[in-house]
Structure formats: structure tokens, C-alpha cells
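In what follows, a structure is listed as C-alpha cells, so that the remarks can point back to it.
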Amino acid sequence: MLSTIADYTRLTKDLGKSLTQVAKQPDVSRETDYFLSHIGNVKTIDDFLKDYRLYSYAMKAYGLSDMTYAKAFMRKVLTEGIATKDTFANKLSDVRYREFATAFNFAALGATATQTTQATTGTATQYVTQTMEQKAGDQNEGLRLALYFTRKASTITNAYQILADKAFTQVVQTALGLSSTISSADIDAQATMLNKMLKLTDFQDPTKVTKFVQRFAAMWDATQAQSDNSTNPALVLIAGTSTSASMDTDMLSKLQSIRFNR
């Protein structure tokens with residue numbers, strides 16, 4: 001039974017309603033109320049980092065929960081800001097740090113950094129979205145990946161951004177029918193391959209993003225179904241061949257040599 005694409009369609013059909021439902025959940029509502037009522041009192045980076053409840057909320061909002069412990073690292077991100085290309089955040093390949101430093105722009109705004117719309121309601125919206133994706137992932141990791149890619153696809157401008165983000169990489173590899181073992185190849189060779197198989201400007205078009213994510217969802221469900229050692233008809237239709245536990249060498253070579261059919 002294919003569920004990822006059905007759940008994805010259900011959640012995204014009325015995304016506003018889905019987000020509102022998550023925002024009203026007691027744990028989410030409680031943390032959001034605390035954040036919105038206290039963030040404006042934060043005047044310095046030190047104040048921000050000392051209030052773990054505020055700081056961890058903000059980190060989760062921008063998808064950085066796994067880096068919450070790294071306060072010295074995040075202090076550098078916030079201290080240098082984003083004004084020039086040489087700042088710490090701008091040198092990092094992961095755009096989430098730039099997004100965080102933009103939302104909490106102490107370097108440029110000082111004591112008023114936490115009073116902007118992006119720092120307040122913008123962050124709260126991000127938190128609810130992250131929570132929705134996380135809760136979806138608790139039931140179906142493919143659904144979390146699909147929602148994440150839909151939200152972030154428009155930020156992709158080059159193949160290296162895909163390769164620098166584990167979620168992007170997994171979505172793209174799955175949608176194109178590529179083995180994850182490709183990740184061990186030379187990074188420039190991977191980028192060249194993706195540029196041949198994808199038209200990256202398509203990710204600026206919401207309709208084409210949805211089509212791509214639907215392909216990913218179908219491939220995800222099909223490959224997950226392989227755990228029962230049976231051939232899934234959906235994968236045959238999508239990939240154009242019967243598939244065993246992994247893509248065979250001939251199929252991999254063919255996929256590497258063609259541009260993704262849009």
C-alpha cells in the first residue's frame with residue numbers, strides 16, 4: 001500500500017489548515033507562547049544563549065536542533081552576521097546558518113534584533129512547520145523528506161547545495177533511482193551527474209517541485225516495499241525495469257547518462 005504520496009497530498013492540499021492544527025497542539029502552543037512573550041526581552045547574544053528554552057526553540061525552528069549544544073559555534077554565527085561574504089555564516093555551505101543569522105541579526109540590529117517580524121512570528125511559523133515535518137517523520141520518514149524538500153526546493157541554485165544537505169540528497173537520489181552508494185564518489189563528479197539529470201531552475205516552479213516530490217514519494221514507497229523481497233509494480237512503471245533489492249549496474253549507468261524527464 002502506497003501511503004507517502006497519499007499523506008503528502010492530504011497535508012499539502014490545505015497546508016494552512018495542517019499547520020494550524022499543529023500550532024494548536026498543547027505542547028507546540030505552550031512553547032510558542034513562551035517564545036513570543038519573551039524573545040522581545042532579549043537584547044544581546046549572551047541573553048539569547050542563556051535562555052535555553054528560547055534558544056532551543058529558535059534552533060528547532062531553523063532546523064538546527066542537532067547543533068543546539070554548539071553554543072560557541074552559534075555565537076560565532078550570530079556575532080559575525082551576514083553583512084559580507086566573508087562572515088562565518090556566509091562561508092558555510094549549509095544555508096540554515098545564514099537563515100538563522102538573518103532572523104536574529106544581532107550584528108546589524110543590536111538590541112532590536114529580536115523585535116523584527118522574522119525573529120518573532122516568522123520564527124514561530126518556522127517552528128510549527130518544523131514540528132509538522134518532524135511529527136510526519138515519526139510515522140513516515142519519506143513524508144518528512146517530501147515536506148522538507150517542497151519547502152526548501154526554491155533555495156537550490158546549484159548541485160553542490162543538494163549534495164551538502166542530507167535530506168536534499170536522499171530525495172534527489174530516490175527520485176532519480178540512484179543508489180546511495182553514489183555519495184562515496186568524487187563530489188565534483190556527483191555534481192556533474194546531477195547537472196546532467198536535472199534542470200535546477202525547475203525547482204523555482206512550485207508545480208514542477210510538486211511533480212518531482214510526487215515522483216520521489218512513489219519511488220520511496222516502492223523501494224520501501226522491497227523489504228518483502230517482492231517486485232513492486234509501481235517501481236517497474238516508474239523506473240522502466242524490474243528492480244531487485246538495489247539498482248543494477250546497467251540501470252545505474254542509464255540513469256547517470258540521461259537528463260531527468262520533466
Side-chain angles (χ1 to χ4, degrees), residues 19 22-23 27-138 144-145 147-149 151-158 160-170 187:
L19 290 170
V22 173
D27 57 335
V28 178
S29 177
R30 180 172 58 251
E31 292 306 309
T32 297
D33 287 345
Y34 179 86
F35 178 82
L36 292 176
S37 62
H38 289 80
I39 189 62
N41 297 327
V42 171
K43 304 301 181 185
T44 68
I45 295 173
D46 283 339
D47 291 342
F48 193 29
L49 297 179
K50 285 178 181 178
D51 190 325
Y52 182 80
R53 196 171 174 184
L54 286 177
Y55 168 60
S56 61
Y57 182 100
M59 290 291 280
K60 178 177 178 178
Y62 290 91
L64 295 169
S65 288
D66 59 342
M67 288 295 288
T68 302
Y69 74 93
K71 288 189 175 182
F73 184 95
M74 295 308 299
R75 182 188 298 277
K76 187 172 178 63
V77 167
L78 293 171
T79 299
E80 295 191 15
I82 54 166
T84 70
K85 64 180 181 179
D86 294 324
T87 63
F88 185 53
N90 283 330
K91 287 183 177 180
L92 297 170
S93 60
D94 193 329
V95 299
R96 293 176 299 176
Y97 296 105
R98 289 196 293 278
E99 292 171 352
F100 192 85
T102 299
F104 302 99
N105 199 350
F106 288 96
L109 303 176
T112 64
T114 60
Q115 297 174 24
T116 66
T117 299
Q118 192 167 1
T120 54
T121 55
T123 297
T125 299
Q126 290 271 67
Y127 181 89
V128 172
T129 302
Q130 287 283 346
T131 301
M132 182 183 73
E133 292 174 7
Q134 180 183 338
K135 289 180 180 293
D138 289 342
R144 183 191 70 80
L145 291 168
L147 292 170
Y148 175 81
F149 191 89
R151 177 167 59 88
K152 302 287 289 184
S154 64
T155 67
I156 298 173
T157 57
N158 62 71
Y160 292 99
Q161 286 177 297
I162 295 174
L163 298 171
D165 186 307
K166 291 181 180 179
F168 281 165
T169 299
Q170 191 169 7
I187 190 72

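Panel note: side chain T44, backbone D47; a donor-acceptor pair is recorded below 3.5 Å.
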Check step by step if ring pair (Phe, Tyr, Trp, His ring centres under 6.0 Å) holds for Y148 and F168.
-> CA-CA 8 Å; Y148 175 81; F168 281 165; 5.5 Å; yes
With salt bridge (Lys or Arg N to Asp or Glu O under 4.0 Å) as the test, would you mind laying out the steps for R75 and D46 before giving the verdict?
-> CA-CA 8 Å; R75 182 188 298 277; D46 283 339; 2.5 Å; yes
CA sep, side-chain torsions, deciding dist, call: L36, T32, side chain to side chain contact (heavy atoms under 4.5 Å, CB included) | CA-CA 6 Å; L36 292 176; T32 297; 3.8 Å; yes
Which is it for V22 and Y127 under the side chain to side chain contact (heavy atoms under 4.5 Å, CB included) test, yes or no, and what are the steps along the way?
-> CA-CA 10 Å; V22 173; Y127 181 89; over 6 Å; no
Candidate pair I39 and T120, rule side chain to side chain contact (heavy atoms under 4.5 Å, CB included), full reasoning = CA-CA 7 Å; I39 189 62; T120 54; 3.9 Å; yes
Evaluate the side chain to side chain contact (heavy atoms under 4.5 Å, CB included) criterion for residues T79 and K76: first the C-alpha distance (whole Å), next the side-chain angles of each, then the deciding distance (0.1 Å), finally the verdict.
-> CA-CA 5 Å; T79 299; K76 187 172 178 63; 5.7 Å; no
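To the nearest 0.5 Å, atom NE2 of residue H38 and atom OH of residue Y57 are 13.5 Å apart. Here the straight-line distance linking atom CG of L19 with atom OG1 of T125 works out to 8.0 Å at 0.5 Å rounding. With values rounded to the nearest 0.5 angstrom, L163 atom CG is found 5.0 Å from T169 atom OG1. Distance check: N105 CG to Q118 CD gives 9.0 Å after rounding to the nearest 0.5 Å. Interatomic distance, OG1 of T87 versus CG of L78, reported as 11.0 Å (0.5 Å rounding). Note that OG1 of T102 and CD1 of I82 are 3.0 Å apart. Values are rounded to the nearest 0.5 Å.
A salt bridge is defined here as a Lys NZ or Arg NE, NH1 or NH2 lying under 4.0 Å from an Asp or Glu carboxylate O, and E133 with K152 fails to meet this definition. Taking 4.0 Å as the cut-off between side-chain N and carboxylate O, D165 and R96 do not count as a salt-bridged pair.
Take Q134 and apply the side chain to side chain donor-acceptor pair (under 3.5 Å) test, not counting sequence neighbours, and it matches K60. Residues forming a side chain to side chain donor-acceptor pair (under 3.5 Å) with T157 (at least two apart in sequence, or on another chain): Q161.
Two residues are said to be in side-chain contact when any heavy atoms from C-beta on lie closer than 4.5 Å; K91 and D86 meet this criterion. Residues F104 and T123 are in side-chain contact: their nearest non-hydrogen atoms beyond the backbone lie under 4.5 Å apart.
The aromatic rings of F48 and F106 sit tilted, their planes meeting at an angle between 30° and 60°.
Residue pairs meeting the salt bridge (charged side-chain N to carboxylate O under 4.0 Å, His left out) criterion with at least one partner in residues 48-57, sequence neighbours excluded, are E31-R53.
More than 12 non-hydrogen atoms from other residues, nucleotides or ligands lie less than 6.0 angstrom from CZ of F73.
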